[in-house]
Number of protein chains: 2
Amino acid sequence: MNIQEFARQIGVSTATVSRALHKRGRISPATRQMILERAKELGYTPNLHAQRLVTGRSHMIALDYLGQAQILSDMFLVALARGIQQALQAHGYGLLLNLMVDPQQHDTLQRQWVRSQAVDGLILVGGAEVDRAMLREVAAGDTPCVLISQQPVEGVAHVGSVAVGLAHGARQVARMLVEQGHRCIGFLGSEIPDPVLAAFRAELQTLGAGLSEARVTIAGRTPEEGAQAMRQMLARRRRPTAVFARTDALALGALRAAKQLSLRVPEDLSLVGHDDISAAEWTDPPLTTVRVDCLELGQAATRMLVQLLKQPEIRPDPCEVHTELVQRASVAAPGGR
Amino acid sequence: MNIQEFARQIGVSTATVSRALHKRGRISPATRQMILERAKELGYTPNLHAQRLVTGRSHMIALDYLGQAQILSDMFLVALARGIQQALQAHGYGLLLNLMVDPQQHDTLQRQWVRSQAVDGLILVGGAEVDRAMLREVAAGDTPCVLISQQPVEGVAHVGSVAVGLAHGARQVARMLVEQGHRCIGFLGSEIPDPVLAAFRAELQTLGAGLSEARVTIAGRTPEEGAQAMRQMLARRRRPTAVFARTDALALGALRAAKQLSLRVPEDLSLVGHDDISAAEWTDPPLTTVRVDCLELGQAATRMLVQLLKQPEIRPDPCEVHTELVQRASVAAPGGR
DNA sequence: GTGAAAGCGCTAACAA
DNA sequence: TTGTTAGCGCTTTCAC
């Protein structure tokens, strides 16, 4: 049933129906009430496409996950989406998903959706560092957009930025380790440069602990690489009493390596991971790690986007959702007790 | 730029432009070619809403995740979505996400989208068992829909069904355990009735091994419950040489409990989980478990939906994507070697 | 093979 | 407060 038919059946004009269905427009409460009731009764639902065509707004936003630029692994995407959807729901927006499937098609598709006005706004995950091309594309248009990335992105009018503040958690790890009494600390890195390493090192410095270059190993990504690097570290004359691994994947491997060498964790060696992948809770001992609240991340991004959608002229301040230390059982004071 | 403006600029009618952009309609190859080129050149993209309004098809489908009826945990949702999107892309459909956020709002929203014609079809995850209400709702309409659930759903014209065949993996576990020489096997369940337990028991029976009632413990969901149940099992006079846990979460707890009792896995006790959560790969030893290929699941569901979208009159055969045993290191022959 | 024109269902001026 | 009506941008008969 369309609006005409419906209006005819209940004996009012289409304009009145339209007014009853929206907040705005002058209409007597009684009429509105009546129309709402009868709409439910007769099962009338306005055609979205007609609405969108005439208003020029789709009330849809797209979540674009740039596979190339994964700053969040798949695992966290659902939490992110949930956060986004939660926040979106309050404003009557829907969520369109755009997981990268075929990198080729991806930006075509995305561009298509923007250009064809299928979505009013965009949330791009993984932006800044890697997909400069896409960022340029977005910046060139005027579609409200928020980027979720490691480095804040600034300077584009209609583009908001939510950065994952990696430094915070890294500093917490440094403080916690030093408080526990560790002075000989190692870092198992994944790549360089690394904001986590930078913040960790700086904080140790501040605390007077220091992180010698010799104790920083750039291992890679796989647990095997983590195990390998760990063995090297432990082969040193003066082995670290605590190791901070850049990712839980590395930490998992490191943990296994340590055990194989008959080291007890945390008594003989404290270990801290990063990311809080779900396996972290299930290692033996459960891994102390660092995580970011993806639900919050999604909500923050959404709040910013909605703001941008409502008032495109005001440029939102970049915001940051920072990582947090999650204490479990893989850290203890040094010295076998 | 809209079609009128574009048509005017390149000196043809809107009808010709429209024809050039679609497969159908008689048009000279030369003209089409020319129009396509100039469209790209001038950056003309048809307005989706107008297209949808006039054609009555949105080329969108919604993925509905019924939180209450989770048959897939969050972890697997991304793989599922990826599979769906991959298959969808080939047919030019987009994906709208509907994670359950507020159970209240959920079906409202979903219904809204169907009724307002925002989506042409639906993929419902978790349907059958739990959300009969929603199923009824869907069945009442005539929107093509496919359900991903444990039990196949049949009998509704425009509703397809993709079932997760749990029996297959369960049988594989039974066979593998018996082949390894186990005769005294325990089962750590989560709830009852359970298709996995049923298939496991039946297969053991067939193999002449049998599963005595006494060795079936319904533990619950958490690892703690798994550990607890495991301790009970191991306290028995004749302890099992192998245990099949209904979920990896339970198995994780069970594994920990076994270790605390100084049992070696797999030498003293073989353990098999179910689901292949990511932690399963990282336990010590890595957990042998059972998994379902969510990518495939998504693709199968999508193929069925697209088929339904194209030919609503033909009723698709229910299909099944079954679970598979993933061998890792938590199973060995019984008897300490 | 191409163009003219009638809607698709809705919203929002403008009139009443 | 309510009704009338002109589009929103596109597809698709129906003429040419």
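Numbers restart at 1 for each chain; the letters A, B, ... are given by sequence-line order, proteins then strands.
When rounded to the nearest whole Å, the span between CZ of R24(B) and P of dT13(D) equals 8 Å. Residue L21(B) contributes atom CG, which lies 7 Å from atom P of dT11(D) at whole-angstrom precision. For the pair Q33(B) CD and dG1(C) C1', the interatomic distance rounds to 17 Å; values are reported in whole Å. Regarding E5(B), its CD atom lies at a distance of 11 Å from the P atom of dC10(D), rounded to whole Å. Taking atom OH of Y44(B) as the reference point, atom C1' of dG9(D) lies 7 Å away to the nearest angstrom.
Nearest heavy atom pair, residue M34(B) against residue V12(B), reads CE-CG1, 4.3 Å.
Among the protein residues, I27(B) comes within range of the sugar-phosphate backbone only, with heavy atoms under 4.0 Å from sugar or phosphate atoms but none that close to a base. When heavy atoms are screened at a 4.0 angstrom cut-off, T31(B) is found touching the sugar-phosphate backbone but no base atom. H22(A) comes within 4.0 angstrom of the backbone, heavy atoms only, and of no base. In this structure, V12(B) reaches the sugar-phosphate backbone alone: every heavy-atom distance under 4.0 Å involves primed, P, OP1 or OP2 atoms, never a base. Nucleic acid contact class of F6(B) (heavy atoms, under 4.0 Å, all strands): none.
In this structure the side chain of Q117(B) never reaches within 4.5 angstrom of the side chain of L48(A), judged on heavy atoms. Side chains of I123(B) and L80(B) form no contact here, defined as non-hydrogen atoms less than 4.5 Å apart.
Contact of R19(B) with dG3(C) (side chain to base): a donor-acceptor pair of N or O atoms is detected under 3.5 Å.
When distances run from any side-chain atom of V54(A) to the nucleotides dC8(C), dT11(C), dG3(C), the shortest one goes to dT11(C). Among dA4(C), dC8(D), dT4(D), the nucleotide with an atom closest to any side-chain atom of S13(B) is dA4(C). Closest contact between the side chain of A15(B) and the listed nucleotides dT11(D), dA13(C), dT12(D) involves dT12(D).
With no hydrogens or angles considered, no side-chain donor-acceptor pair links Q85(A) and Q89(A) at under 3.5 Å. E37(A) and Q33(A) are linked by a side-chain donor-acceptor pair at a separation below 3.5 angstrom, with hydrogens and angles left out of the test.
Comparing T14(B) and R32(B) against DNA chain C, the residue whose closest nucleotide sits nearer the 5' end is R32(B). Nearest-nucleotide mapping onto DNA chain D: of Q117(A) and S28(A), the residue sitting toward the 5' end is S28(A).
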